[in-house]
Structure formats: structure tokens, C-alpha cells
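Have a look at the structure below before the remarks.
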Amino acid sequence: MTPLSKDAGLRTGVNRRSTMSGFITKTAAGIAAAATLIGGLAIGASSAQATTTTSYDRTLGNAQFEAARTQNGLAKEMNYGSILHAWMWSFNTMKEHMAEIADAGYTSIQTSPISVIKGPMQGKKFTENWYYVYQPAGTSIGNSVVGSEDDLKAMTAEAHKYGIRIIVDAVINHFTSDWNAIEPSWQNASLFHTKSEGGCGNNGTGINYGNRWQVTHCHLLGLWDLNTENQEVGNRMQGFLKQAVADGVDGFRYDAAKHIELPDEFGTHSPYFDTILDNGTQYQYGEVLQGDAGLNVAAYPALFEKYSSNGGGNTASNYGGALRSALNSKNLNAGNLSNLQGQGVQDDQLVTWVESHDTYANGDRQSTGMTDWQIRMGWGVIGARAGGAPLFFNRPVGSGGANAQFAEQSQLGDAGDNEWKSPEVKWVNKFRNAMEGNAEYLRNCQAENCLMSERYKSDGSNANDGVVVVNMDGDKNLAGLDTTLDDGTYTDTDQVNGGTITVANKKITAGSVKSGKVSVFVNIGTAPTPDPGPTPAPDPTPDSTTTVYYPSTKFGADSTYLHWRFADGGTWTTAPGVKMTAACSGYVSYAIENPGGRSIEFVFTNGSGQWDNKNGVSGQNYTATGASVVVTDDSGNYGTAAPCTV
């Protein structure tokens, strides 16, 4: 199965006419590489063990969710769509803003950590107080910042009404440094690495980030480091994640993921990731800050994607550093910014950002001084790209730039400033959603302080193409520039800057952009309706469909999926495939429009990791042709007499 965004990434092109050297990117080392700061937490009530459920069935596999997602124009794939990092928002605050979030074009919302904590210790102020949510006291769900488990359930249900999915920030590497605050059921020394095990001091301040044993076994800044080689620890953490999925969560961001060993990194198998990642979620990605010697960056997203139905990935910390440097110098050289710098990680396995909560809120303040204008310019770059899932970090009200890091004009639990729904950000999101599956081409426009991100299909229709122009300085006349766009007129919505560009014979023939603006030239919802022409042909007759029947007893009448393509080179459906529906006499079925009578290739799955391949061998697929295909076993033989009428 090849996701839409992966197809687009393979077709990416870049204009490299500039020879200016690339920017030096920051490497994460020492304390700057640590996931969070230190503090104490408190005991909370334990949650019930989760029943098995999957995010996919509740979202892409659900007709009501799909109708809402389509109506709001949101991206299908979580590893492509824009993510709103509703940092420190409570569940109730998210719920209250859900209609606005959908209107602003976000595919997903990322929450702050949801585990039970102690405090915060200074009420709801941000300063020296926000980081308590990154120091769990156990695996119960709910804390004083985000709200209760019931609040989580209500919020996720509301999100799904709008076609939005929820990503939870999960802290799975460590607990609070305050042993007495840890939930009693976790107060067992065997569940944690010993304080001396990593060989870097009791408080973890001496971690050598070139030593993977220390990175994965030391007590990070004094926080109790979970013994992730212990199967019981893995089972308990899986239960926590499954419970969150049962509560409506669709994905996870794993805090401090690089501080957890890979399954076979040290010669003895660690079961942790293989245990916890099998949780029924749709999308999983990890905080794996780049730059450490010996860090196998690409191995983490491979693990996350293995257990997710809608992709998995890593944080693109190097690209974020390069982009911030470019914004500070107003040099958006297309050649320098084209590579997402995944270090062996594919573009569709990366989460990109202008800034993250760590670059903003930590003591080194890597991005805190950036202005709102610079953030919008940067969003115009990453939001328009074919690769990466861009994450927009929501700053507290009145904070950052020339203001204090935390102006305390809002509290923990409140929504931040309104930049997440500014017209430029909103319309870049809408552009991104409309361009899902399209190729991209980056080029500079008249100068290197102006970048054009073109997205196109080359199918002769300007309704499918568009371009985002980020122009940091000086009005620009775009006439005469080469372009990949199809001929026609493209409109920059009046809610951004207004204006149009026209294209003929792969040249922009007219149009301009204003200084210091993001322009979004695309015909979303404005393309002319084509002439319907002659009366369309009637719906296909039964002879022009192939209906596949499969026993409902294998995976269940409500949890069987058909993953298929045309055998002569068609595109596979997005895993786990299309949901089959109950037919009769113990069968489920799915009808494929097939007017040419082509052969189909297919397999079956329950949507959460179990597959039925031909002869029970992974990689061997069924093939068949005809009006009715009745599969009763895995031999590859099939009947042609429909057992019932769908």
C-alpha cells in the first residue's frame, strides 16, 4: 500500500539554479536534547482496562466520520494532514473550539499529555509550572490541566463529528522524580532502571548523547526511568494506550522516544515497542531529536508505521532549525529548503514544524523570540509541502516575540493566541488538504526571499493545481516565471491578499505578490463547473461489477476489510482497505465497479493487524475475475455463484 503523500514525494522536483550553500542546522546535545524539565507529580485514580477497539473503525471506516471529513475538506491521511498542537488546552477548551478548528483546516489535534500528575504546583500559571504534565505519576487518565477521562471521551466524540482526529502526547519513557507521588501500583523498584544503571549520576545531568546505553538507561534529569526491558512495564503501558484508544484517541506522539532502546539494539531483545505500539491506533510518531552519534533515526518510524494503519514517523528537528535560520535571514533558497533532512527517514514519515513546544518553552528559547509574522511565513513553507505532516504550535496569549516567554495573559487549560486560525494559516491548510496526492515543485520567485511551492497533477485542469507564494520582502511581479501549473487563472482568496495569476504554456503570464505576505493561489470551490455534455451512461449493470464474498465468521461481520487493486497494475486501496458489509448466510461482501471485467488482486484483514493471505503466507495474494467471487478458504480457489443478494 502506497499512501497518497508517498506517491507525491516520489515526484518532487526542485529548481536548484542557486548555488548558495545550505544553512547549518542545530544538533541536539546535552540538556538541550532532553524532552522535558524536572518536577513532581501526584497520584490519581486508575482507569479500567481497555477493551480492544481500533481508531480506523471509528474514523475512516465509519461513513458518518467520512462524510464530515469530506464536508470540511480535511485530509484523509494523518501522516499528511496539518496538526494543531493545542498546547496546554483542556479537553473542554478543545471541544468548545472544534467548529473553528475544522474551519481552519486541521486534520488532527495534538493534546498535551493526559496521564495523572502531581500539581501543577503553582496553580494554572505557565512559568516554571507547565512542564509537570510531562512527568507522569502513573498510567491513569486525566489531570488538572487537560481534564478528566470523561472530558477526553466527550472531546474525541465531538472531534469525530467534524471529521477531525485526535493525537495524544504520551510520556512512556519516565515518571516523576518524586517516588512518593507515583501511583502505589507502580511503586515497585523492578519496574524502573536503577539510579546507577546508566552510569551518569543520580540526576541524569551527565548523559553522554553519543552513548546510546546512557541515553536509554539513565534517569533523564532525575526522572524515574521506566525499565522498558521488563514485559510487565510494556503490558501496563499498552493497557494505558489501549484505554486511550477506547476513549476515542486516534494517534500518539511519543515524548522522549529516542530515550527508549530499539527492540534489538543491545543484543538482548527488548519487548517494549513491539508491545505498546500494538494498541489499535491509526498514527504514531516519536520525538526523536536528530544529531546524536549512534542514533538509528530511521528505525523508529519504521516501528511506528508497522503498527499503525495510517502511517508513523519522527520529528523533523533538523529541518525546523534550517527553516528558522532561513526565516531569520529572509533567505528562502529553494535548493536549501527542499530536503526535509530526514536522515534516512522518508518524507511522509516526518512531522515538520516552524517551532515545537520544546523550542519555544524550554530554557534555551530557540524559537521564543520569533515574531508571529515569521511563524506565518514559515507555515507558508511547510504547510504547502507535499512531504511531512506539519504541526502548528499554539503559543500562550500575548507571549513570545518581543513579549515575555509567558505573559500569563492566559492560564494552563486555556486556548492560546489566535495565530492558529489566522487567514494565512487557515488558507495554507485548505490548500494543503485540496492538494493531497499532488506532486510539488519548489522555486524561487525573482529573489531568494520569495519561495513558490507549486502543487500539480498535470492533467490539463487548473482546478487540481495551485501555488503558495511566501514573499518575505519587496513586491514581486511573477510574469515570465516558469511553472508546472496547468493553464488557467488562479485566485488568491480575498481573505488573504486577493489577486490572481494566469498561466499559459507552462509560464506565468500575469500576476504579482505583495511584500511580506503569504499568497495562496488556488481554485478551491471556485473552479467553473464543466459542461456536462451528453447524458451520462447509466450505472453499471451487475455484469460490470465484481462482488467479493467472504465468511463473516473469520473476522466478524463488522470488522472485515478487503484490501484490493486491479491485478494488471492498479493502485492498492489504502490499508486496511474497504470495509465489507454483512450480506447473508454468514457472508460479508463488497462490490467493485469493474466495467472492463478486469482481474482483481486482494487480501482480507480485520483492520487491526490480522491478515488472511493466500495459503496463509504473507505476501501471497488472492486473484480472481468475474461477477461473483466467493472465497471460503485460503487455498486460492473460489466459487462464482453468489450465495446471496447484497
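Not measured: the values here are computed from a predicted model. Start at 1 with the first residue, then count along the sequence.
Annotation for Glu261 and Ser270: closest pair OE2-OG, 2.6 Å, computed over non-hydrogen atoms. Heavy-atom minimum distance, Leu262 versus Ala299: CD1-CB, 3.6 Å. Here the closest non-hydrogen pair linking His563 and Thr573 is CE1-O, 2.7 Å. Smallest separation of non-hydrogen atoms from Val249 and Ser55: O-CB, 4.0 Å. When every heavy atom of Ala181 is checked against every heavy atom of Ala137, the shortest pair comes out as O-CB, 3.4 Å. Shown here for Lys258 and Leu289, the closest heavy-atom pair between the two residues is NZ-O, 3.4 Å.
Atoms CG and OG, from Asn606 and Ser559 in turn, are 6.0 Å apart once rounded to the nearest 0.5 Å. Going from atom CE of Met78 over to atom CD1 of Ile167 covers 4.0 Å, rounded to the nearest 0.5 Å. One distance of note links CD1 of Ile260 with NE2 of His217; it measures 11.0 Å at 0.5 Å rounding. Within the model, atoms CD1 of Ile83 and OH of Tyr283 stand 5.0 Å from one another, a figure rounded to the nearest 0.5 Å. Note that the CE atom of Met98 and the CD atom of Glu100 stand 11.0 Å from one another [nearest 0.5 Å]. Atom NZ in Lys125 sits 13.0 Å away from atom OG in Ser410 (nearest 0.5 Å).
Checking side-chain atoms of Asp247 against main-chain N and O of Ala244 turns up no donor-acceptor pair under 3.5 Å. The backbone N or O of Val146 lies less than 3.5 Å from a partner atom in the side chain of Asn143, making a donor-acceptor pair. Asn279 places no side-chain N or O within donor-acceptor distance of the main-chain N or O of Leu241, the cut-off being under 3.5 Å. Thr560 contributes no side-chain N or O that, together with a main-chain N or O of Ala557, makes up a donor-acceptor pair within less than 3.5 Å. A side-chain donor-acceptor contact under 3.5 Å links Asn129 to the backbone of Gln122. Thr605 contributes a side-chain N or O that, together with a main-chain N or O of Gln610, makes up a donor-acceptor pair within less than 3.5 Å. Looking only at distances, a side-chain donor or acceptor of Asn211 sits under 3.5 Å from a matching main-chain atom of Gln214. When atom types are taken as modelled, the side chain of Thr107 and the backbone of Ala75 share a donor-acceptor pair closer than 3.5 angstrom. Side chain of Ser144 to main chain of Gly119: a donor-acceptor pair is present (N/O by atom type, distance under 3.5 Å, no hydrogens or angles). Looking at Thr176, its side chain never comes within 3.5 Å of a backbone N or O of Pro136 through a donor-acceptor pair.
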Check against salt bridge (charged side-chain N to carboxylate O under 4.0 Å, His left out), Asp558 and Lys579: CA-CA 8 Å; Asp558 193 46; Lys579 192 169 186 178; 3.2 Å; yes
Criterion side chain to side chain contact (heavy atoms under 4.5 Å, CB included) on Thr574 and Tyr56, from CA distance to verdict: CA-CA 11 Å; Thr574 300; Tyr56 185 92; 5.9 Å; no
Check against side chain to side chain contact (heavy atoms under 4.5 Å, CB included), Ser185 and Arg236: CA-CA 10 Å; Ser185 66; Arg236 289 188 180 200; 4.1 Å; yes
Step-by-step side chain to side chain contact (heavy atoms under 4.5 Å, CB included) determination, Leu152 to Thr156: CA-CA 6 Å; Leu152 171 64; Thr156 58; 3.8 Å; yes
Verdict with reasoning, Tyr622 to Phe604, per ring pair (Phe, Tyr, Trp, His ring centres under 6.0 Å): CA-CA 9 Å; Tyr622 297 93; Phe604 303 95; 5.7 Å; yes
Test side chain to side chain contact (heavy atoms under 4.5 Å, CB included) applied to Ile141 and Lys153, step by step: CA-CA 11 Å; Ile141 294 176; Lys153 294 176 183 177; over 6 Å; no
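Contact check for Lys76 versus Arg69: side-chain heavy atoms found under the 4.5 Å cut-off. Between Pro113 and Asp169, some side-chain heavy-atom pair lies under the 4.5 Å cut-off. Using a 4.5 Å cut-off on side-chain heavy atoms (C-beta onward), Glu183 and Phe175 make no contact. Side-chain contact between Phe91 and Ser148 is absent, with no heavy atoms from C-beta onward closer than 4.5 Å. Asn79 places none of its side-chain heavy atoms less than 4.5 Å from the side chain of Tyr285. Counting only heavy atoms from C-beta outward, the side chains of Asn227 and His193 approach each other to under 4.5 Å. For the pair Leu295/Gln343, no side-chain contact is recorded, criterion being any heavy-atom separation below 4.5 Å from C-beta on. Residues Asp414 and Phe126 form no side-chain contact, since every pair of their non-hydrogen atoms from C-beta on lies 4.5 Å or further apart.
A ring-centre distance under 6.0 Å is not found for Phe304 and Phe252. Ring pair Trp179/Phe192: centre-to-centre distance below 6.0 Å. Taking the six-membered ring wherever Trp is involved, the centroid distance between the rings of Tyr300 and Tyr254 does not fall below 6.0 Å.
Looking at Arg58 and Asp250, a side-chain N of the basic residue comes within less than 4.0 Å of a carboxylate O on the acidic one, giving a salt bridge.
Between Phe393 and the choices Trp420, Trp353, Tyr360, the ring-ring contact (aromatic ring centres under 6.0 Å, His included) rule is met once, by Tyr360.
For Asn188, the CG atom sits in a packed shell: over 12 heavy atoms of surrounding residues, nucleotides or ligands are nearer than 6.0 Å. For CD of Gln64, the number of neighbouring non-hydrogen atoms (other residues, nucleotides, ligands) closer than 6.0 Å is 12 at most.
Residue pairs that meet the salt bridge (charged side-chain N to carboxylate O under 4.0 Å, His left out) test with at least one member in residues 211-225, sequence neighbours left out, are Arg212-Glu265. Identified under the salt bridge (charged side-chain N to carboxylate O under 4.0 Å, His left out) test for residues 603-613, with sequence neighbours left out: none. The stretch residues 81-94 participates, sequence neighbours left out, in these side chain to side chain donor-acceptor pair (under 3.5 Å) pairs: Ser82-Asn429, Trp87-Tyr134, Trp89-Asn394, Ser90-Thr93.
At a cut-off of 3.5 Å, with distance as the only test, no side-chain donor of Glu229 or Thr268 sits close to an acceptor on the other residue. A donor atom on one side chain and an acceptor atom on the other are found under 3.5 Å apart for Gln290 and Ser317. Between the side chains of Asp274 and Tyr307, a donor-acceptor pair is found at a separation under 3.5 Å. Inspection of the Thr275 and Gln238 side chains reveals no N or O donor paired with an N or O acceptor under 3.5 Å. Thr139 and Trp186 share a donor-acceptor pair across their side chains, judged by distance under 3.5 Å alone.
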